[in-house]
Amino acid sequence: MDKRYQPDLFEDKIYRDWEKSGTFTPKAKGEAYSIIMPPPNANDPLHIGHACFVTLEDIYARFERMRGKSVLWLPGTDHAGIETQYVFEKRLKKEGKSRFDFDRGTLYRMIWDYVEENSGTAIKQMKKLGASADWSRTKFTLDKDVVAMVVDTFKKLYDDGLVYREVRLVNYCTSCGTAFSNLEVKHVERVSPLYYMKYGPFTLATTRPETKFGDTAIEVHPDDKRYQKWIGQEVEVKGLAGKFKMRVIADRRVDRKFGTGVVKVTPAHDFNDFDVYLKHKKEVPGPKQVIGFDGRMNQLAGKYQGLKVMEARKAVVADLTKRGLMEKVDETYRNTIGVCYRCGTTIEPLPLPQFYIKVKPLTQRALRALKEKKVKIFGAGYDKILNHWLKSLDDWNVSRQIVWGIRLPIWYEADKNPEVEVKFLNKDKKLISDQVGELLKNYSLAEIKRGLQSLRAPLTAKFTVSPTSPGENFLQETDTFDTWFSSSQWPLVTLKTSRFKDDFKRFYPTSLMETAYDILIFWVMRMLFMGLYLTGKVPFEKVYLHGLIRDEKGQKMSKSKGNVVDPVEVIQKYGADALRMALVIRSTAGRDKNVGDDDIRGMRNLTNKIWNAARFVIVSNNTHSEHSRSGVAPAAHSGSDSDLKDEKFKKELSGVVKQITDQLEAMKPGLAAETVYFYFWHWFCDECIEQNKQGKISPLALIKGLRVFLKLLHPFVPFVTEAVWRQLPKTEEKLLIGAQWPA
RNA sequence: GGAUCCUUAGCUCAGCCGGUUAGAGCGUCCGGUUUACAUCCGGAAGGUCGUAGGUUCGAGUCCUACAGGAUCCACCA
């Protein structure tokens, strides 16, 4: 054995041996234990967060496998709809192209090919980390059978009356070209000048003067003495685009102290104002959209048509000022605005018909399951947060205006819905845009279908929900599902579509869901209620939420800060075991952890310590055996003193085994890692081996102790322990991964 | 505005179903190399466990208030 442990000499070979041995596949018999891996983005290389989940899940897979359970750790990758399309579009842009140059079928295939090129990387890297997942069961979220089940789920929801189509204001990113759910909008504080402008007989304060062309009413507080006489009246407003008549309505939501106590109502471009419209439907006209989905003012904005929102604001402010209609401007006013979590563009509230899922009936069951402890959350305070969300969740907008995803199984009959708006590339690759009724006069439906880019059906359009085309004459909705809609069914879908027919029966509900706390609401919550809806059972019994990995100073890692720890580089430098141990030791559920080079180096030292302790114990044991064979027992090792010490050693050792087993069972892997580290180094090495040198503990007891420690250490540092294991005289399992956990 | 979490050695953090002298890693200081490991060993310094109350025979560990910090959520134009 070398003087030092050199990970790169062992890791790849050991991993291949594990794979060949078939231990990653669940045994035919034994108590079932299952973990569904959170599918990483198929298109992204591994980052430190992945290394964290791989380590934690692998610890439990190995631990339970060694305890004799039939362990399934099922891996997969995610198509990551918006993320991936966003990245792909950036590439297109570099080539001077955009998604509008392609029909949706072609674009989809292009992204598919692009993702396929990269999809092996993440899996290869997880293997580098030692992940003992069953790769033969790997699933991709756009696999045919997965798509079929997701679509079926939507149909079931629809048949159960839990799906509806509605025009509401959506969170629309004009840069990504799609709507988002509320959860995907980030709120940031910005300076938004507050403009006090003259408005008919009033002065009102607004941060969005450019939306004035979409105003449909004026609103005051019902008890506001200043404006009593106007309530219910129609007033005339002379603005930049001629004269308008507008009704003054009263609502308690108006804050009399803010601005002048007068609010303009713009239902097409403000969430509050849309609610006001719904509440005062009888008094005010419907939403009047003046900003298009391209983020530019439309024809209703008169001479401002074609300007981007911010340009229009500038122009409108300038014109109002010129005409003396601007009373004052508060330039320091700050408010929070929504921005796209992906690209940071200001979210534009726009009216759009979308498909919504009614969540109340679903969340009720999840709340009950939580209350009855059918599922237990590990992570500081996150059970409360989950509970709070389940109680207050809004209906779920699942429509996305992107190509990279699962298309909604919604069909519009072309003849019967002539007002459906269609964009498509004709045979000459020219983009044509019009209502389908008009288009059919000049084009065949087949040509439209072939070049289809997107369609937008009015709310009144009749549709059919069907997994396959209901007939020749139908056009399929071009919206795709929110990625989280398919992810929400992941534990169920992966097991149901498995090529092993028993998997669902054997492994559902799964034993453990392990993921980062930042997707508790996006993913875990939705899996919980969808799993309950589809199977009547919780999808997982335990949820372990790990924290974010930060740099040694506690700063978030980011490319711009240049403090990103690349797991692959770390593995090359210190070995996979060192990285794994550094990530997990002293970590606590739900809390962020700082990891720096020092931490990893410290754990590299542990792997070397394991190696060298083994080196000593093995040599010492061999020497002892030789003495035995020659019939000359070394004097120091004989006598009752040594036997007595051996007994004490064994007793303490079994105490250590119990402690670590208990900590792992209690979902405290960070503490278990620390315990095993401490007892191995400071007890086994510093005390027991030293005592052996003085002849107080026998080499035989020591080598038995080493075997136990290798097993205890194995889930945390699988490579070095396996490397040492093969240096030991063969007494039990050939591979440590298949050995039995000490009792 | 609401919610959650945190405050323990110079730094980063464990420990908390309450129970003898409060731990680790890194760092600092002193000493050590006749072969398991200098990626090491032995030893030392360093903490009134945020503040103030309370519960208790006994509290970093439970409760309350306060202070400071972090994060998440929220429609004041």
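Letters A, B, ... mirror the listed sequences (proteins, then strands); counts begin at 1.
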List in chain and number order the residues that pass salt bridge (charged side-chain N to carboxylate O under 4.0 Å, His left out) with [X], two or more places apart in sequence or in another chain; answer none if no residue qualifies.
{"X": "R707(A)", "answer": "none"}
{"X": "D273(A)", "answer": "R253(A)"}
{"X": "D598(A)", "answer": "R601(A)"}

Can you check the distance between [N] and [M], where both ends of the measurement are the [atom1] atom (answer in whole Å)?
{"N": "G53(B)", "M": "G1(B)", "atom1": "C1'", "answer": "29 Å"}
{"N": "U21(B)", "M": "G25(B)", "atom1": "P", "answer": "23 Å"}
{"N": "U61(B)", "M": "G50(B)", "atom1": "C1'", "answer": "16 Å"}
{"N": "A65(B)", "M": "C26(B)", "atom1": "P", "answer": "41 Å"}
{"N": "G27(B)", "M": "C11(B)", "atom1": "C1'", "answer": "7 Å"}
{"N": "U4(B)", "M": "G43(B)", "atom1": "P", "answer": "46 Å"}
{"N": "A22(B)", "M": "A45(B)", "atom1": "P", "answer": "14 Å"}
{"N": "A59(B)", "M": "C49(B)", "atom1": "P", "answer": "12 Å"}

At 4.0 Å (heavy atoms only), tell me whether [X] reaches a base, stays on the sugar-phosphate, or touches nothing.
{"X": "L606(A)", "result": "nothing"}
{"X": "K3(A)", "result": "sugar-phosphate"}
{"X": "R604(A)", "result": "base"}
{"X": "E690(A)", "result": "base"}

Under 3.5 Å, side chain of Y60(A) to main-chain N/O of L664(A), donor-acceptor pair present?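 The answer is yes, because a donor-acceptor pair under 3.5 Å joins these two groups.
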Whether the side chain of E184(A) engages the backbone of S181(A) through a donor-acceptor N/O pair (distance < 3.5 Å, no angle test) should be reported.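 Yes, because the side chain of E184(A) sits within donor-acceptor range (under 3.5 Å) of the backbone of S181(A).
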Spacing of [X] atom [atom1] relative to [N] atom [atom2], expressed in whole Å:
{"X": "D662(A)", "N": "C17(B)", "atom1": "CG", "atom2": "P", "result": "13 Å"}
{"X": "K391(A)", "N": "A3(B)", "atom1": "NZ", "atom2": "P", "result": "13 Å"}
{"X": "K668(A)", "N": "G15(B)", "atom1": "NZ", "atom2": "C1'", "result": "9 Å"}
{"X": "K593(A)", "N": "C6(B)", "atom1": "NZ", "atom2": "C1'", "result": "16 Å"}
{"X": "N605(A)", "N": "C40(B)", "atom1": "CG", "atom2": "C1'", "result": "9 Å"}
{"X": "D2(A)", "N": "U39(B)", "atom1": "CG", "atom2": "P", "result": "16 Å"}
{"X": "D551(A)", "N": "C13(B)", "atom1": "CG", "atom2": "P", "result": "11 Å"}

Under 4.0 angstrom between R4(A) side-chain N/O and A38(B) OP1 or OP2: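 No, R4(A) has no side-chain N/O under 4.0 Å of OP1/OP2 on A38(B).
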C5(B), OP1 or OP2 - any side-chain N/O from K384(A) closer than 4.0 Å?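 Checking K384(A) against C5(B): at least one side-chain N or O falls below 4.0 Å of OP1 or OP2.
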Under the criterion side-chain hydrogen bond (donor to acceptor under 3.5 Å, both in side chains), which of Q228(A), R252(A), R256(A) is the partner of D223(A)?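 Only match with D223(A) under side-chain hydrogen bond (donor to acceptor under 3.5 Å, both in side chains): R252(A).
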Could you check D330(A), N335(A), T336(A), T206(A) and say which one makes a side-chain hydrogen bond (donor to acceptor under 3.5 Å, both in side chains) with S192(A)?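 Looking at D330(A), N335(A), T336(A), T206(A), the match for S192(A) under the side-chain hydrogen bond (donor to acceptor under 3.5 Å, both in side chains) is N335(A).
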K711(A): what forms a side-chain hydrogen bond (donor to acceptor under 3.5 Å, both in side chains) with it, not counting sequence neighbours?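 Scan of K711(A) (side-chain hydrogen bond (donor to acceptor under 3.5 Å, both in side chains), adjacent residues dropped) gives E732(A).
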Sequence-distant partners of Y544(A), side-chain hydrogen bond (donor to acceptor under 3.5 Å, both in side chains), two or more places apart: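 Once residues adjacent in sequence are excluded, Y544(A) has no partner under the side-chain hydrogen bond (donor to acceptor under 3.5 Å, both in side chains) criterion.
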Could you identify which residues of residues 607-614 of chain A place a heavy atom less than 4.0 Å from some atom of RNA chain B, listed by residue number, or say none?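 Those residues whose heavy atoms fall under 4.0 Å from RNA chain B, taken from residues 607-614 of chain A in numerical order, are N608(A), K609(A), N612(A), A613(A).
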Base, backbone or nothing for each nucleotide of nucleotides 60-77 of chain B, written B, S, -, heavy atoms under 4.0 angstrom, 5' to 3'? -------------SSBBB
Of all the choices, A14(B), C41(B), C40(B), which nucleotide is nearest to the side chain of L671(A) once you look at every atom?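 The closest nucleotide is A14(B).
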Give the nucleotide from the list C6(B), C41(B), G15(B) with an atom nearest to the side chain of R591(A).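 Nucleotide nearest to R591(A)'s side chain: C6(B).
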Kindly state each residue pair satisfying salt bridge (Lys or Arg N to Asp or Glu O under 4.0 Å) with at least one member in residues 697-706 of chain A, sequence neighbours excluded.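 Qualifying pairs: none.
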Please tabulate the protein-to-nucleotide N/O contacts below 3.5 Å involving nucleotides 23-25 of chain B, giving atom names and distances.
residue: G25(B); atom: OP1; partner: H682(A); partner atom: NE2; Å: 3.2

Looking at R334(A), I'd like to know if its CZ atom is crowded, meaning that more than 12 non-hydrogen atoms belonging to other residues, nucleotides or ligands lie closer than 6.0 Å.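 More than 12 heavy atoms, drawn from other residues, nucleotides or ligands, come within 6.0 Å of this atom.
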Lys NZ or Arg CZ of K186(A) over Y341(A) ring: under 6.0 Å, within 45°: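 The answer is no; the distance or angle limit is not met.
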Taking atom types as they are modelled, is there a donor-acceptor pair under 3.5 Å from the base of U39(B) to the side chain of R601(A)?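 When only heavy-atom distances are counted, R601(A) does not reach the base of U39(B) through any donor-acceptor pair under 3.5 Å.
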I'd like to know if K693(A) reaches the base of A36(B) with its side chain such that a donor and an acceptor end up less than 3.5 angstrom apart.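 Answer yes: a donor N or O sits under 3.5 Å from an acceptor.
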Find the runs of at least 3 consecutive base pairs, i with j, i+1 with j-1 and so on, that include RNA chain B, using Watson-Crick or G-U wobble geometry with both distances under 3.5 Å.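 Listed by first number, the stems are B:1-7 with B:67-73, B:10-13 with B:23-26, B:28-32 with B:40-44, B:50-54 with B:62-66.
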Name all pairs fulfilling the ring pair (Phe, Tyr, Trp, His ring centres under 6.0 Å) condition that reach into residues 376-395 of chain A, sequence neighbours left out, sorted by first residue then second.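 Ring pair (Phe, Tyr, Trp, His ring centres under 6.0 Å) check on residues 376-395 of chain A returns Y382(A)-Y517(A).
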Syn or anti conformation of G58(B), syn meaning chi within 90° of 0: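 Glycosidic conformation of G58(B): anti.
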Between R615(A) and D2(A) (salt bridge meaning N to carboxylate O under 4.0 Å), is one present in this structure?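 No, R615(A) and D2(A) are not salt-bridged.
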For residues 660-679 of chain A, pull every pair meeting side chain to side chain donor-acceptor pair (under 3.5 Å), keeping only residues two or more places apart or in separate chains.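 Matches after skipping sequence neighbours: R67(A)-E665(A), R586(A)-E674(A), K658(A)-D662(A), T661(A)-W741(A), Q663(A)-T675(A).
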Steps toward ring pair (Phe, Tyr, Trp, His ring centres under 6.0 Å) verdict (W681(A), F709(A)): CA-CA 10 Å; W681(A) 197 315; F709(A) 267 109; over 10 Å; no
